[in-house]
Amino acid sequence: MGKLSDKIKETIAEIRPGIIATASKDGRPNASVKGSIRVLDDDHVVFADISSPRTITNLKENPQVSVLVFHPKSMRGCRIWGTGEVLSSGQLFEQINREFAERNIKVNHVVKITVEEAQDNF
């Protein structure tokens, strides 16, 4: 069984956007809102970098990442901790790039997060 429960997968699919938290190698934090966050499989989530230079720089320096998906009215959400991998080529990058190109949006990178821990309804 993967790290992402069915409940967490449903939460991510239903609630947009998600908040991505990163930190530089010196520990300077950054939070960025991502409408493109989605589940890739039982152990990975991904998002597209449309305009997130600080997030990408941080992930290249320090791949530790946290994701928060939360709906304030229902008080429903989930939190994910993991390791981010910045992709600028390959099958996954090309697939997501094509999807966004259909909407005339340029994808600079795709970030694939390997989930280390996930918690629902924190």
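Start at 1 with the first residue, then count along the sequence.
- Of the N and O atoms on the side chains of T11 and K9, not one donor lies less than 3.5 Å from an acceptor on the other residue.
- Taking hydrophobic clusters as Ile, Leu, Val, Met, Phe, Trp and Tyr residues chained together by side-chain heavy-atom distances below 4.5 Å, L87 does not share a cluster with F47.
- Residues W81 and V69 are members of separate hydrophobic clusters, defined by side-chain heavy-atom contacts under 4.5 angstrom among Ile, Leu, Val, Met, Phe, Trp and Tyr.
- Under the side chain to side chain contact (heavy atoms under 4.5 Å, CB included) criterion, A118 pairs with L4, I8, I80, V115, not counting sequence neighbours.
- Here the shortest heavy-atom pairing between S36 and A48 reads OG-N, 2.9 Å.
- Look at R79 and E117 and you find no salt bridge, because none of the NZ, NE, NH1 or NH2 atoms lies under 4.0 Å from a carboxylate O.
- In terms of modelled atom types and a separation under 3.5 Å, the side chain of S24 and the main chain of R28 share a donor-acceptor contact.
- To the nearest 0.5 Å, the span separating CG on L68 from SG on C78 amounts to 7.5 Å.
- Residues passing the side chain to side chain donor-acceptor pair (under 3.5 Å) test with K73: none are found, sequence neighbours excluded.
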Apply side-chain hydrogen bond (donor to acceptor under 3.5 Å, both in side chains) to the pair E116 and T83, showing each step before the final yes or no.
CA-CA 7 Å; E116 295 165 4; T83 304; 2.4 Å; yes
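- Between G18 and I37, the shortest heavy-atom distance links the atoms N-CG2, 3.9 Å.
- For the residue pair K60 and N58, no side-chain donor N or O sits within less than 3.5 Å of a side-chain acceptor on the partner.
- Looking at D120 and K7, a side-chain N of the basic residue comes within less than 4.0 Å of a carboxylate O on the acidic one, giving a salt bridge.
- Considering every non-hydrogen atom in both A31 and I19, the closest pair reads CB-CG2, 4.1 Å.
- When all heavy atoms are compared, the tightest approach of V107 to V110 is CG1-CG2, 4.0 Å.
- Closest of all the heavy-atom pairs between I15 and H71 is CD1-CB, 3.6 Å.
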Under 3.5 Å, side-chain donor or acceptor atoms of residues 88-97 against the rest of the protein: list the pairs with distances, not counting sequence neighbours.
residue: Q95; atom: NE2; partner: E99; partner atom: OE2; Å: 3.4

Go through the steps to decide whether K112 and T114 satisfy the test side-chain hydrogen bond (donor to acceptor under 3.5 Å, both in side chains), and finish with yes or no.
CA-CA 7 Å; K112 179 180 175 182; T114 301; over 6 Å; no
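- Side-chain contact annotation: T55 with N30, donor-acceptor N/O pair under 3.5 Å present.
- Following chains of ILVMFWY side-chain contacts shorter than 4.5 Å, one cannot reach L40 starting from V86, and the two form parts of different hydrophobic clusters.
- When atom types are taken as modelled, the side chain of R16 and the backbone of I12 share a donor-acceptor pair closer than 3.5 angstrom.
- No path of Ile, Leu, Val, Met, Phe, Trp and Tyr side chains, each step under 4.5 Å between heavy atoms, connects V46 with I113, placing them in separate hydrophobic clusters.
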